[in-house]
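Notes follow the structure.
Since this is a predicted model, take the numbers as computed values, not measurements. In the text below, chain A, chain B and the rest are named by the order of the sequence lines, each starting its count at 1.
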Amino acid sequence: MSISITFPDGAVRQYESGVSALDIAKGISEGLARNVLAAKVNGVVVDANRTITADATLQLLTWNDDEGKKTFWHSSAHLLAEALEALYPGVKFGIGPPIDKGFYYDIDFGDQKFGAEDFDKLEAKMNELAKANSSFIRSEVSKADAISYFTEKADPYKLELINDLNDGEITFYQQGNFTDLCRGPHIPNTGFVKAIKVLNTAGAYWRGSEKNKQLTRIYAITFPKRAELDEYLLMLEEAKKRDHRKLGKELEIFTFDDDVGPGLPLWLPNGGAMIEILENFAKKTEREAGYERVKTPHIAKESMYLKSGHLPYYKESMFPPMEMDGDTYYLKAMNCPHHHKIFGALPRSYKELPLRLAEYGTCYRYEQSGELFGLMRVRSLQMNDAHIYCTEEQFEQEFRAVNDLYARYFKVFGIDKYVMRFSTHDPAKLGEKYINNPELWLKTEDMVRKVLINSNIPYVEVADEAAFYGPKIDIQVWSAIGKEFTLATNQVDFAQAERFDLYYINEKSEKERPLIIHRAPLSTHERFIGFLLEHYAGNFPTWLAPKQVAILPISDKYLDYAKDVCNFLKKCDIRAFIDERAEKAGKKIRDAEIAKIPYMLIVGEKEAGSGEVSVRRHGGEDLGAMKQEAFAEHIKKETEI
RNA sequence: GCCGAUGUAGCUCAGUGGUAGAGCACUUCCUUGGUAAGGAAGAGGUCAUGGGUUCAAAUCCCAUCAUUGGCUCCA
């Protein structure tokens with residue numbers, strides 16, 4: 001019997017029923033067949049050697065397809081497991097999925113030890129098994145047989161997984177001497193794997209729950225070509241150079257000190273300068289957008305956090321309380337309750353709304369020790385915070401205005417690689433993780449969704465990630481080394497107005513609850529500057545650079561002229577300094593280049609005589625000689641934002 | 001918090017049981033120079049901290065602290 005196969009380009013060809021994707025590939029070219037990792041039949045990814053017995057659409061998946069890569073890495077995880085079982089008999093296997101870059105396998109090593117010193121051995125074994133060209137053989141297994149197989153192997157994890165599956169949907173895959181519970185699909189054989197790198201190990205709780213046993217997770221990556229692995233490793237090296245922790249040290253932005261404490265950054269003068277620049281920018285922008293600035297203390301009494309509802313949710317991650325005059329005080333971990341108190345301090349009319357209260361508020365959060373990460377996750381932080389109190393009718397416009405503000409900021413910084421994550425509640429956790437008000441949850445979530453859709457903002461919606469007081473939008477970005485974190489946030493709060501008994505008088509002279517928007521588009525100084533360091537790889541645009549201009553006298557004979565230039569630039573609000581060392585120009589240039597100073601002004605006999613400066617841009621571009629005033633003008637123009 | 005790794009001069013790092021090292025940075029002197037490293041000398045360390053083993057510990061063992069790769073968490 002013959003069947004019709006439709007290819008992605010629309011071509012339809014006839015084949016004998018029972019043909020496999022691999023057969024079809026071979027029919028097209030041997031070269032293609034060598035590269036086929038899996039196939040997409042009627043939209044479902046399957047093994048390339050699965051037989052096709054009815055008319056179907058077919059896409060051959062290779063390394064160039066994401067699904068091809070995923071299949072390749074998934075099979076590589078099985079290869080890793082096969083090697084581990086050979087080297088460490090009796091280890092138990094958790095799960096071994098592909099990830100964005102490579103794959104991992106969670107292993108229970110029992111009494112056996114596995115560490116970085118064993119990576120070479122494991123790689124060697126994997127290479128050996130890869131060369132064996134073992135086919136991945138699929139078999140359908142009854143639940144009873146599956147249970148009996150893994151009972152014999154005494155693997156509690158696989159048994160637990162099988163338990164959740166139904167008879168008839170269980171498949172095994174075998175390659176060489178290794179058999180695994182797996183839904184597949186897999187690449188044709190292990191020989192496709194040509195380059196292997198075991199990257200690191202980590203503890204990982206079984207099924208992601210702290211209550212379960214911690215397994216050893218082994219991360220690795222594989223490629224069909226040696227050269228691709230080398231390229232990948234090189235890229236990792238490059239990424240490390242952008243790491244804000246490395247750059248922050250090199251550019252003297254921040255430091256940590258054991259006597260100050262973990263997660264408590266010290267801002268060096270360069271970091272202090274950046275903070276000032278960012279604040280000035282934000283304050284101006286927010287003033288124009290109708291925000292008013294407020295200022296609140298760093299501590300408050302327990303009663304306020306009980307009222308706000310934060311304490312039961314976050315007590316564990318607040319610094320321990322202080323006892324004073326018979327009262328219990330906490331260091332503030334969030335600014336919202338303080339701001340709510342400001343809203344409530346005066347009688348409010350609908351005419352005052354929306355009321356937008358902004359503060360670069362300093363907060364302290366007792367983050368778990370294992371969470372601390374450079375500037376991205378710290379225990380003292382200063383937030384670009386504001387709370388907008390508005391009526392329900394004003395909500396959409398206000399929420400949209402906040403999103404516009406993000407867009408504006410992100411454009412200034414050239415931030416374009418991010419994902420908007422819309423977090424909603426889980427109805428099953430009302431009253432536990434979330435304020436128990438089902439109608440308001442649905443209503444506000446609808447409002448947010450509407451704004452996102454109406455503004456054409458791409459987003460992903462995730463359930464059960466909301467704040468306890470309402471849904472939120474987070475802007476997710478990635479650090480140089482690939483760690484995901486929330487940069488900015490925009491949250492709806494329908495709970496705290498009630499808790500603080502906040503109200504305004506509406507047109508009909510009735511009391512009404514305001515809706516509250518929490519927003520922090522520029523995140524915290526800590527996280528934002530950490531992010532910017534990586535984003536710009538330390539090469540800040542001139543307006544943001546803590547030091548904008550290095551004045552480099554050719555010799556100390558021209559120091560006086562250099563001082564004239566420096567004073568003039570400072571008067572023009574340009575951040576300039578003189579390299580007064582008795583070094584040659586070449587050395588001073590090199591050091592200014594390494595310090596990533598945007599402009600270098602070389603001043604010597606020629607310039608001193610003519611009142612000029614010779615301008616070199618960071619990176620080497622020579623802008624030639626110009627009058628001091630012309631240079632000041634040049635910088636002014638460039639730093640307008 | 002949990003599992004693993006790491007901790008030596010300001011920075012980057014050598015140093016596997018026998019007198020603490022290098023490069024850069026710093027200080028001083030010489031050199032007074034033209035677009036990515038001039039020369040010389042000097043100073044700088046309780047080898048994270050506290051115990052232990054040993055004739056002897058940066059080195060071996062234990063604990064603590066910090067950093068870190070992940071996991072869990074994230075107002």
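Of all nucleotides present, only B/C26 satisfies the Watson-Crick or G-U wobble test against B/G42, with each distance under 3.5 Å. In this structure B/U32 sits in no base pair that meets the Watson-Crick or G-U test at under 3.5 Å. Base pairing analysis places B/U54 opposite nothing; no Watson-Crick or G-U wobble pair with both distances below 3.5 Å involves it. Pair check for B/U49 finds B/A63; Watson-Crick or G-U wobble, both atom distances under 3.5 Å. B/A75 is unpaired under the criterion used here, namely a Watson-Crick or G-U wobble arrangement in which both key atom distances are under 3.5 Å. When both distances must be under 3.5 Å, the Watson-Crick or G-U wobble mate of B/A9 does not exist. Base pairing analysis places B/G69 opposite B/C3; the two distances defining the Watson-Crick or G-U wobble pair are each below 3.5 Å.
Ring centroid separation for the pair A/Phe319 and A/Tyr330 does not come in under the 6.0 Å cut-off.
Under the rule for a side-chain contact (heavy atoms from CB on, under 4.5 Å), the partners of A/Ala467 that lie at least two apart in sequence or sit in another chain are A/Tyr469, A/Gln491. Remark: A/Pro427 pairs with A/His425 by the side-chain contact (heavy atoms from CB on, under 4.5 Å) rule, at least two apart or across chains. Applying the salt bridge (charged side-chain N to carboxylate O under 4.0 Å, His left out) test to A/Arg242 and every residue at least two apart in sequence or in another chain returns nothing. A/Glu461 pairs by the salt bridge (charged side-chain N to carboxylate O under 4.0 Å, His left out) definition with A/Arg449, not counting sequence neighbours. Here A/Lys433 pairs with A/Asp464 under the salt bridge (charged side-chain N to carboxylate O under 4.0 Å, His left out) rule; sequence neighbours left out. For A/Arg245, the salt bridge (charged side-chain N to carboxylate O under 4.0 Å, His left out) partners two or more places apart in sequence, or in a different chain, are A/Asp243. Residues satisfying the side-chain contact (heavy atoms from CB on, under 4.5 Å) criterion with A/Phe485, sequence neighbours excluded, are A/Met376, A/Val477, A/Ser479, A/Leu487, A/Arg527, A/Phe531.
Comparing B/G45 with B/C30, their P atoms are spaced 27 Å from each other, to the whole Å. Taking the C1' atom of each, B/A58 and B/U19 are spaced 14 Å apart, rounded to whole Å. B/G17 and B/C55: their C1' atoms are spaced 12 Å apart (whole Å). Straight-line distance between the P atoms of B/C3 and B/U64: roughly 11 Å, to the nearest whole Å. Nucleotides B/A36 and B/G44 place their P atoms 36 Å apart, quoted to the nearest Å. The same atom, P, is picked in B/U6 and in B/C60; the two are 10 Å apart, to the nearest Å. Going from the C1' atom of B/G23 to that of B/A9 covers 12 Å, rounded to whole Å. Spacing between B/G18 and B/C2 at atom P, rounded to whole Å, works out to 36 Å.
No donor-acceptor contact under 3.5 angstrom links the side chains of A/Tyr406 and A/Asn490, judged on distance only. For the residue pair A/Gln476 and A/Thr486, a side-chain donor N or O sits within less than 3.5 Å of a side-chain acceptor on the partner.
Within 4.0 Å of A/Gly309, counting heavy atoms only, lies no atom of the nucleic acid at all. Using a 4.0 Å heavy-atom cutoff across all strands shown, A/Gly263 reaches sugar-phosphate atoms only and no base atom.
Side-chain contact check for A/His74 versus A/Pro97: every heavy-atom pair is 4.5 Å or farther apart.
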Compile the donor-acceptor pairs under 3.5 Å between side chains in residues 251-274 of chain A and protein atoms, sequence neighbours left out, one pair per line.
residue  : atom : partner  : partner atom : Å
A/Asp257 : OD1  : A/Asp259 : N            : 2.7
A/Asn270 : OD1  : A/Lys547 : NZ           : 3.0
A/Asn270 : ND2  : A/Leu251 : O            : 2.9

Quiz: residues 582-590 of chain A side-chain donor-acceptor pairs under 3.5 angstrom, not counting sequence neighbours:
residue  : atom : partner  : partner atom : Å
A/Lys588 : NZ   : A/Pro553 : O            : 3.0
A/Lys588 : NZ   : A/Asp579 : O            : 3.1
A/Lys588 : NZ   : A/Arg581 : O            : 3.0

Task: Where protein sits on nucleotides 25-37 of chain B, one letter per nucleotide: B base, S sugar-phosphate only, - none, heavy atoms under 4.0 Å - done: SS----BBBBBBB
Task: Base-contact (B) and sugar-phosphate-only (S) positions in nucleotides 69-75 of chain B, heavy-atom cut-off under 4.0 Å, - elsewhere - done: BBBBBBB
Which atoms of nucleotides 6-12 of chain B (N or O only) lie under 3.5 Å from a protein N or O atom, and what are those distances?
residue : atom : partner  : partner atom : Å
B/U12   : OP1  : A/Lys249 : NZ           : 3.3

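Atom pair A/Leu375:CG and B/U68:P shows a separation of 10 Å (rounding to whole Å applied).
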